[in-house]
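Below is one structure, written out as structure tokens, with a few remarks after it.
Numbered from 1 within each chain, the chains take letters A, B, ... in sequence-line order.
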There are 2 protein chains.
Amino acid sequence: MTDVASTVVTELSAVLSSAQIVTGPRTESNRRDQSEGTLSGEPLAVVFPASTEEVAAVVTIAAAHRIPIVPQGARTGLAGGANAIDGAIVLTTTRLKKILVVDAANQTATVQAGVRTIALARAAEAVDLFYPPDPGSWRASTIGGNVATNAGGMLCVKYGVTGNFVRQLTVVLADGSIVHTGQRTIKGVAGYNLTALLVGSEGTLGIITEITVGLLPKPGSPSGVAATFANTADALAAANTIVAGDRRPSVLEFLDGACIAAINAFDPASILPAGAGALLLVQSDQIGQAHDDVEAYAEVLRAAGADEVTIAHDAESLEKLMSARRLLHPAVQAVRGGCLNEDITVPRSQLGALLLGLAEISRELDVPISTGGHIGDGNLHPVIGYDPEVPAEIDKAHAAFARVIDLAISLDGSASGEHGIGVLKRAHLDDELGPVLRDLQLRVKAAFDPYSILNPGKKL
Amino acid sequence: MTDVASTVVTELSAVLSSAQIVTGPRTESNRRDQSEGTLSGEPLAVVFPASTEEVAAVVTIAAAHRIPIVPQGARTGLAGGANAIDGAIVLTTTRLKKILVVDAANQTATVQAGVRTIALARAAEAVDLFYPPDPGSWRASTIGGNVATNAGGMLCVKYGVTGNFVRQLTVVLADGSIVHTGQRTIKGVAGYNLTALLVGSEGTLGIITEITVGLLPKPGSPSGVAATFANTADALAAANTIVAGDRRPSVLEFLDGACIAAINAFDPASILPAGAGALLLVQSDQIGQAHDDVEAYAEVLRAAGADEVTIAHDAESLEKLMSARRLLHPAVQAVRGGCLNEDITVPRSQLGALLLGLAEISRELDVPISTGGHIGDGNLHPVIGYDPEVPAEIDKAHAAFARVIDLAISLDGSASGEHGIGVLKRAHLDDELGPVLRDLQLRVKAAFDPYSILNPGKKL
């Protein structure tokens, strides 16, 4: 350990208990999120503060020594945003796990950043309220991580993403000071909307320690329908008809034929028909109307040429329909052993061109690409498979990864809809933003973090 | 005219036609918005650019001479945000009135900033889509002004405020450069969310020239119900029951007894019952369900002790119910000749305490306060009456104005829900933000506008 490092650890020991500081090889388990192919470093220490004040104390020490800080939630991220940096303090929110207030009268909840998403959702449910954002990792992920990446999920097609629910943040700034952004009220225009700026900033503008979210009245029991199609074009046409219609689906998901084949190979209990070219999953949770909505969706799907249409009006059969979608990533990963997960998004009118372009990249580079995701809001997750034992496959997978992002941007889209930029997609960001906007973003970063100690090298 | 001023006008003449530049006494009509009791100045010139490039050319000239620029829409603002400043260039968006694209497939519209809100709403309707935000001035206001103030309206209780619909902005920065923020896609996390930061920034961070908004499928034909109550407490209890229920109202408005009396005195055709202590207006526009929703609301209102309950299932009778609400400001203004309009917002659970506190301020200072507004989202508009010919009444009205804002802040609320800070409420902002957050906001301002030429003295 260098002199500076041991000074920093001594100073940390003055503000945290020894159980809250980990150094050396034991930091190994806190070095990476779930992204593949991203770099990570060896931190000076991993710390586990249990209050906003302890976070502020840690940041004050880091600021004094100009040492980088990497905030970390459950490390379920897919872009390397929470990966450790050499010599940094990794600040995990594991101990910030108090649900502080569930305010039924105002339909809000205030929680510490390390509270798991599922725990927040359950706390809302307990008072007949509803926290909609449901990222794939919601059982493990923290709400702080969701806010830091502006995480999405399947229900976002109807309800919007995490940021749409964030009302207030308690944030430790780069100098260790504590601010409360936003309002307790539903509306409010006093000052600039720094809350919205911090959402999705991936720990580069401040460290979020407490979050107040707005909640909704509990929706109805969902009904759902799954439909298979001979090809992706027919499935997309059916999805477009649903989006243009009067009824607002709470879920509108897509799997292509490669996903279906992978899921069937992975899960012996799969009920997906072998050889299907595409699958749509549609739900409604409209109170008093979900049953009718889904019957109407089934009609639309049949009229659009669906082969098999399966309706589920009870929780158990709906769970069976949806379980296939949840297996997407492990199933596709199992095909080759390794995979790179995309998170591209395009205007919905470009989804047809996107699917054609993905097929072309797969063919030209001879890499397997399985595509599923949130077709209702134009955010798809192509998964590029490779054999991690074969260097040539790894190289081809990375080449395909870059081509897919270029394709999305060429279709007026973006490299990331909900996973974040992290370290994985930084190289593509400049293409997307252009130099004037990039410089403006850097000036905003500097206004928050003049010495660039907050998660440097991420996001921008 | 000073030397600098005539140099600037000469330079402006090189980039704009003479019809696009107004100087001298003819600038009079562009000096103020609709706020009362706010200061304004004498501008160097008023310019009428017709493209983003012309706006950029004007800003470049202003930047070279460090001359302030005041962006101005339809001047329907209520906080002085668009008021002229001595020696400034007032940049009006009157000629930026092109509807550029209505993209039905992607459910978006792209318009220039000077397009009137109603024109955007009508353009959406023409392709069976829906732009919900409906500020009171929507027939006259520009969408640029709505974005700059993050304007609300009656439908926001269900659909959210202007900012919830903004996807992309074309913005001229303080140095005359042009940036495009946001994404054409529904979701997107590439870079910081500068779009959300610019929304509500009242022209202090950049000049918005083009806006892309998301649109929704057209809602159902609304049904509505009006109910009178003996007192405000009963009306509030009824509103709370509706908010906590399963059905989401598209409108949930409130008028107190003073508003009702003023409207009845102002409008001989008023159908409001004389002597009523409070009124609630509730609508539903849920497709296929509005009729049932409103019948259910009527039951709730009756059970909560409503005296008169009037249901409207057709457009004509609904318009009659709603017209009273629209007369609120002119009617209350007519009582004394002058009025100050508040825009306070509190957590919904504090509405009872707010109404009691308003009555107390009215009694203690002996000023008439009539309160109506968006009870469904906790944003009320107390209107303080005064006789503009009586200086003592003017003073008392301003004293009451400040007390009302202090009251809202003491109830965890805010000075402004949807009108903006402008110059009217700047004095109250520091109390609300506190010094650390205020300094952070100033650093953000400096990152965008280092020489503070963009609408200086407003918002912060």
Side-chain angles (χ1 to χ4, degrees), chain A residues 103 105-106 149-150 152 156 161 164 173 177-181 183-194 196-197 199-201 217 244-246 248 287-289 345-349 377-379 412-418 420-421 429 432-433 436-437 440-441 443-444 446-448 460, chain B residues 103 105-106 149-150 152 156 161 164 173 177-181 183-194 196-197 199-201 217 244-246 248 287-289 345-349 377-379 412-418 420-421 429 432-433 436-437 440-441 443-444 446-448 460:
Chain A
D103 181 345
N106 289 307
T149 54
N150 199 9
C156 296
V161 292
N164 294 110
L173 299 179
S177 58
I178 298 167
V179 292
H180 306 280
T181 71
Q183 279 88 18
R184 278 200 63 210
T185 52
I186 297 173
K187 292 151 82 173
V189 293
Y192 297 132
N193 191 349
L194 301 184
L197 185 67
V199 169
S201 66
D246 284 346
R248 292 196 75 183
I287 291 176
Q289 216 172 308
T345 182
V346 293
R348 293 198 70 269
S349 63
D377 52 31
N379 178 208
D412 285 333
S414 173
S416 181
E418 59 185 15
I421 298 300
L429 197 65
E432 198 171 326
L433 297 182
V436 181
L437 192 54
L440 179 60
Q441 305 239 356
R443 291 202 301 277
V444 170
F448 277 80
L460 286 187
Chain B
D103 181 344
N106 290 307
T149 54
N150 199 9
C156 297
V161 291
N164 294 112
L173 298 178
S177 59
I178 297 167
V179 291
H180 306 280
T181 71
Q183 278 90 18
R184 277 201 63 209
T185 52
I186 297 173
K187 291 152 80 174
V189 293
Y192 298 131
N193 190 350
L194 301 185
L197 186 66
V199 169
S201 67
D246 284 346
R248 293 196 74 183
I287 290 175
Q289 217 172 307
T345 181
V346 294
R348 293 198 71 269
S349 64
D377 52 31
N379 178 207
D412 285 335
S414 173
S416 181
E418 58 184 16
I421 299 299
L429 197 66
E432 198 171 326
L433 297 181
V436 180
L437 192 54
L440 179 59
Q441 303 238 358
R443 292 204 298 279
V444 170
F448 277 80
L460 286 187

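Expressed to the nearest 0.5 Å, how far CD1 of Ile287(A) lies from CG of Asp246(B) amounts to 3.5 Å.
Highest contact tally toward chain A, considering only Val199(B), Leu440(B), Leu429(B), is held by Leu440(B) [criterion: heavy-atom pairs under 4.5 Å]. Of the listed residues Gly191(B), Ala244(B), Gly152(B), the one with more heavy-atom pairs under 4.5 angstrom with chain A than any other is Gly191(B). Chain B forms the most heavy-atom pairs under 4.5 Å with one residue out of Ser416(A), Gly200(A), Ser414(A), and that residue is Ser416(A). The choice from Leu460(B), Leu433(B), Asp103(B), Leu173(B) that makes the most heavy-atom pairs within less than 4.5 Å of chain A is Leu460(B). Most heavy-atom pairs under 4.5 Å with chain A: of the set Pro217(B), Cys156(B), Ala105(B), Gly188(B), this distinction falls to Gly188(B). Of the residues considered (Ala196(A), Gly420(A), Gly417(A)), Gly417(A) shows the highest number of contacts with chain B, using heavy-atom pairs under 4.5 Å.
Looking at Val179(B), the atoms closer than 4.5 Å to chain A (heavy atoms on both sides) all sit in the side chain, from C-beta outward. Interface remark: Ala415(A) contributes no atoms to any contact with chain B (heavy atom separation under 4.5 Å). Both the backbone and the side chain of Glu418(B) come within less than 4.5 Å of a heavy atom of chain A. For Gln183(A), the part sitting under 4.5 Å from any heavy atom of chain B is the side chain, from C-beta outward, and nothing else.
Looking at Leu437(B) and Thr181(A), their side chains come closer than 4.5 Å, going by heavy atoms from C-beta outward. In this structure, Val161(A) and Lys187(B) have side chains that are in contact, with non-hydrogen atoms separated by less than 4.5 Å. In this structure, the side chains of Gln441(A) and Leu194(B) come closer than 4.5 Å at one or more pairs of heavy atoms. Looking at Asn150(B) and Asn193(A), their side chains never come closer than 4.5 Å, going by heavy atoms from C-beta outward.
For the side-chain contact (heavy atoms from CB on, under 4.5 Å) test with Ile186(B), the passing option among Thr345(A), Asn379(A), Asp377(A) is Asp377(A); the others fail.
Contact between Arg443(B) and Ala447(A) at its shortest, heavy atoms only, is NE-O, 2.7 Å. In plain terms, the two heavy atoms of Val436(B) and Ser177(A) that are nearest each other are CG1-OG, 3.7 Å.
With hydrogens and angles disregarded, a donor-acceptor distance shorter than 3.5 Å links the side chain of Asn106(A) to the backbone of Arg348(B).
Considering only residues two or more places apart in sequence or on other chains, Asp412(B) meets the salt bridge (charged side-chain N to carboxylate O under 4.0 Å, His left out) condition with Arg184(A).
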